[in-house]
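Down below is the structure, laid out as structure tokens.
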Amino acid sequence: MSIKAEGLTYIYQAGTAMESYAVRDISFETKDGEFIGLIGHTGSGKSTLIQQLNGLIKPTSGKIYYNGEDIHSEGYDMKRLRQRVGLVFQYPEYQLFETDVLTDVKFGPKNMGMSDIEAEEAAKRALKLVGIGEDFYKRSPFELSGGQKRRAAIAGVLAMDPEVLILDEPAAGLDPLGKTEILETIARLHRERNNTIIMVSHSMEDVAEYADRIMVLDDGKLVYFDSPKEVFRHYEELEKMGLSAPQITYLMGDLKKRGLQVDDSVGTVAEACREILRLWKEKEEKSAE
Amino acid sequence: MKIIDAVHVFFDYMRKDENDKIEEISPALSDMNLEIEKGSFVCVLGHNGSGKSTFAKMVNGLLLPREGSVYVADMDTADDELLIKIRETAGMVFQNPDNQIIGNIVEEDVAFGPENIGVPTAEIRDRVDEALEAVNMTKYKDRSPGKLSGGQKQRVAIAGVMAMKPECIILDEPTAMLDPKGRKDVIRTVRELNKRDGITIVLITHYMEEAVDADRVVVMDGGRVVMDGTPREIFSRVEELKALRLDVPQITELAYELRKAGMPVPCGILRKEELEEVIMELLFEGDKGSCDSTDTDGTEPDLGTDGTEPDLGTDRPEQDLDTDREDKSEGACQ
């Protein structure tokens with residue numbers, strides 16, 4: 001279940017005076033069951049990149065392999081690819097359109113050629129995964145809260161049982177708890193089903209918390225693809241790209257500069273807490289001696 | 001002086017069937033009361049559906065209360081005749097910049113508002129220049145808005161409001177769709193408009209970090225105000241906020257966790273620098289402290305050798321806690 005990109009380049013309006021590079025010569029390979037965070041400033045090429053990964057747009061040059069097969073080779077089953085690599089757009093709840101939640105979630109699997117009964121089962125499974133109960137099946141999607149709508153929309157993609165799930169800013173615009181619910185749902189899917197996740201986010205805190213590796217795009221180029229620790233170590237470069245590191249990373253960096261023996265590459269509250277408490281306990285023990 | 005005054009405001013959203021019969025009523029505001037001082041920077045927090053946006057739409061008369069009244073600079077929003085004046089006084093900026101920009105070039109877009117209310121051409125020119133300058137977008141005035149980043153578009157939207165010479169701007173999650181730099185630029189711009197030009201700012205947001213610099217934080221739940229205070233007061237109440245589906249800034253959260261684990265960290269820490277000082281004092285200068293205290297404690301270790309030492313260890317931080325707290329609250333006032 002790996003996605004491999006080789007020299008991926010995408011040019012908008014190629015061959016005209018308006019020609020502009022959205023993605024430039026990107027190569028990478030995902031590992032099976034990996035949680036990848038994709039960050040980059042507005043216009044850095046994130047959306048163009050992810051749309052190429054499930055074949056929605058075709059690269060100007062370069063190749064994409066899914067499980068070793070070139071997805072743009074002659075006779076490749078693109079429909080099957082789109083089922084295996086599910087893409088959840090930004091604000092996916094704007095795409096809810098059916099009269100009730102269950103019918104909406106069924107749409108994808110039915111469109112894939114499943115029978116009505118199969119599709120319904122798939123839809124119910126997906127809704128369960130995102131934590132939407134039976135009492136919502138017959139409700140209009142528009143009666144749901146913001147967070148529920150978002151989860152219903154994600155269920156629409158999950159119902160097709162994808163191996164790779166790509167989400168474009170799944171938590172944008174939700175309140176803190178709604179955001180946590182969505183991210184925890186994604187993390188749980190990842191744990192339980194070992195789906196590969198590619199999550200686009202503008203929140204450095206969120207990618208620090210959830211991602212195994214972070215992919216950083218700047219002006220269409222892949223600048224870093226590494227563990228959160230390694231990536232956030234470059235916080236000065238990240239800032240030049242209009243990004244940042246989590247607030248916590250800055251704090252730890254400053255503490256280290258002032259002589260505390262702390263790991264300055266941590267990006268989450270839990271890690272920072274452990275680091276500081278370790279020093280605090282050491283000091284307590286010393287003063288107790 | 002009050003610029004916004006919401007008095008016992010009730011509002012419901014109604015769903016009607018084809019025959020205009022009411023199928024469902026969902027209350028959005030119920031007995032909301034809020035006064036906002038002219039020139040202040042108020043941040044409104046609350047979970048999705050708590051009534052924040054409904055309140056925002058009340059302020060410039062997009063929605064009217066079912067019961068109660070909303071006054072903007074003493075003008076009742078229910079008074080049709082005053083509506084234009086009210087909208088000039090209180091401008092709005094929404095979440096999605098793409099839905100708010102209509103001009104083909106930046107300055108044209110900013111000119112739309114004043115043009116629409118019949119401001120003379122020469123004055124429009126001045127207003128547009130001033131507004132673009134205020135949001136630091138002058139050098140983009142000839143660009144096409146489509147080519148700007150999200151943060152830049154949002155600043156153009158703010159300039160559009162500024163060109164109306166408002167006394168107050170209400171921003172409804174203006175940074176929800178922006179990248180970190182865009183977010184920072186918009187918040188910086190808004191803060192400048194408040195400090196430099198004295199514009200009253202009502203900022204609705206889900207980013208707790210953005211509330212740190214406000215004069216006042218108002219938390220809404222169930223269509224009314226449930227918490228109201230300075231950022232420090234509000235963010236000291238971590239458990240209550242979490243119960244309201246909200247959060248605290250990461251730094252505050254870390255301070256809270258450290259405190260829970262027994263470190264004498266004062267509550268309501270908001271900024272990185274504050275926490276940094278507290279930690280340094282506790283972990284580093286603390287060592288210096290223990291050196292100093294060997295003099296005063298000099299007599300105590302004699303007592304302590306009988307096995308009272310563990311007590312000493314736990315007692316000391318307790319004492320530190322009280323003195324630290326005072327130090328910190330003083331430091332924070334500066």
Side-chain angles (χ1 to χ4, degrees), chain A residues 39-44 90-91 140 142-143 145-148 169 171-181 202-205 238-239 241-248 250-252 254-255 258-262 268-270 272-274 276-277 279-289, chain B residues 15 24 26 45-50 95-96 147-153 173 176-184 206-209 241-242 244-251 253-254 256-258 260-263 272-273 275-276 279-280 282-284 286-287 290 309-310 312-314 316-317:
Chain A
I39 62 178
H41 60 85
T42 323
S44 61
Q90 244 178 62
Y91 293 82
S140 158
F142 303 103
E143 288 172 45
S145 77
Q148 287 167 339
E169 287 198 63
L174 298 180
D175 62 35
L177 186 62
K179 184 183 97 170
T180 309
E181 281 169 3
H202 277 326
S203 165
M204 305 301 128
E205 285 76 15
L238 291 175
E239 275 176 30
M241 300 171 203
L243 299 172
S244 61
Q247 245 190 329
I248 290 295
Y250 292 102
L251 172 75
M252 299 304 267
D254 286 352
L255 289 175
R258 293 179 65 172
L260 283 191
Q261 296 298 312
V262 289
T268 65
V269 170
C273 197
R274 262 200 305 278
I276 294 167
L277 285 176
L279 292 180
W280 169 248
K281 294 225 171 79
E282 278 171 19
K283 200 205 140 211
E284 288 246 280
E285 278 160 22
K286 229 191 276 166
S287 63
E289 272 164 23
Chain B
R15 211 185 52 187
E24 204 181 306
S26 40
L45 306 177
H47 58 81
N48 291 112
S50 60
Q95 189 182 107
N96 190 345
K147 300 261 177 209
L148 302 177
S149 73
Q152 290 168 335
K153 282 183 200 164
E173 295 189 45
M177 303 179 81
L178 308 181
D179 60 24
K181 180 163 188 300
R183 224 147 61 205
K184 225 183 272 173
H206 282 323
Y207 287 105
M208 302 298 133
E209 282 77 14
L241 286 170
K242 294 210 167 177
L244 292 170
R245 294 179 64 102
L246 297 174
D247 220 334
V248 295
Q250 250 199 345
I251 293 290
E253 168 111 40
L254 176 60
Y256 172 77
E257 290 296 331
L258 290 173
K260 257 201 338 204
M263 254 176 103
K272 188 190 70 167
E273 293 72 22
L275 185 56
E276 199 179 311
I279 291 173
M280 287 307 289
L282 288 172
L283 291 183
F284 230 170
D287 283 343
S290 66
E309 270 182 285
L312 262 175
T314 45
R316 275 185 41 85

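Numbered from 1 within each chain, the chains take letters A, B, ... in sequence-line order. Bear in mind the structure is a predicted one, so any value in this text is a computation, not a measurement.
If you measure heavy-atom distances from A/M204 to chain B, the contacts under 4.5 Å come from the side chain alone. At a 4.5 Å heavy-atom cutoff, the contact between B/E276 and chain A is made by backbone and side-chain atoms alike. Only the side chain of A/E181 comes within less than 4.5 Å of a heavy atom in chain B; its backbone stays farther off. Contacts of A/E285 with chain B are absent, with no heavy-atom separation under 4.5 Å from either backbone or side chain. With a 4.5 Å cut-off on non-hydrogen atoms, A/L174 touches chain B through its backbone and its side chain both.
Of all the listed residues (A/L243, A/L255, A/I248, A/L279), the one sharing the greatest number of non-hydrogen pairs under 4.5 Å with chain B is A/I248. Contact count against chain B (heavy-atom pairs under 4.5 Å) is highest for A/G259 among A/G43, A/G259, A/S203, A/A270.
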CA sep, side-chain torsions, deciding dist, call: A/E205, B/Q250, side-chain contact (heavy atoms from CB on, under 4.5 Å): CA-CA 9 Å; A/E205 285 76 15; B/Q250 250 199 345; 3.3 Å; yes

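At least one side-chain heavy atom of B/L283 sits under 4.5 Å from a side-chain heavy atom of A/I276. For the pair B/L178 and A/H202, the minimum side-chain heavy-atom distance is 4.5 Å or more. Between B/H206 and A/K179, the closest side-chain pair of non-hydrogen atoms is not below 4.5 Å. Taking the side chain as every heavy atom from C-beta outward, B/R245 and A/P176 never approach each other to under 4.5 Å.
For A/Q247 against B/K272, the heavy-atom pair with the smallest separation is O-CD, 4.4 Å. Shown here for B/A176 and A/A172, the closest heavy-atom pair between the two residues is O-CB, 4.2 Å.
With hydrogens and angles disregarded, a donor-acceptor distance shorter than 3.5 Å links the side chain of B/D179 to the backbone of A/T42.
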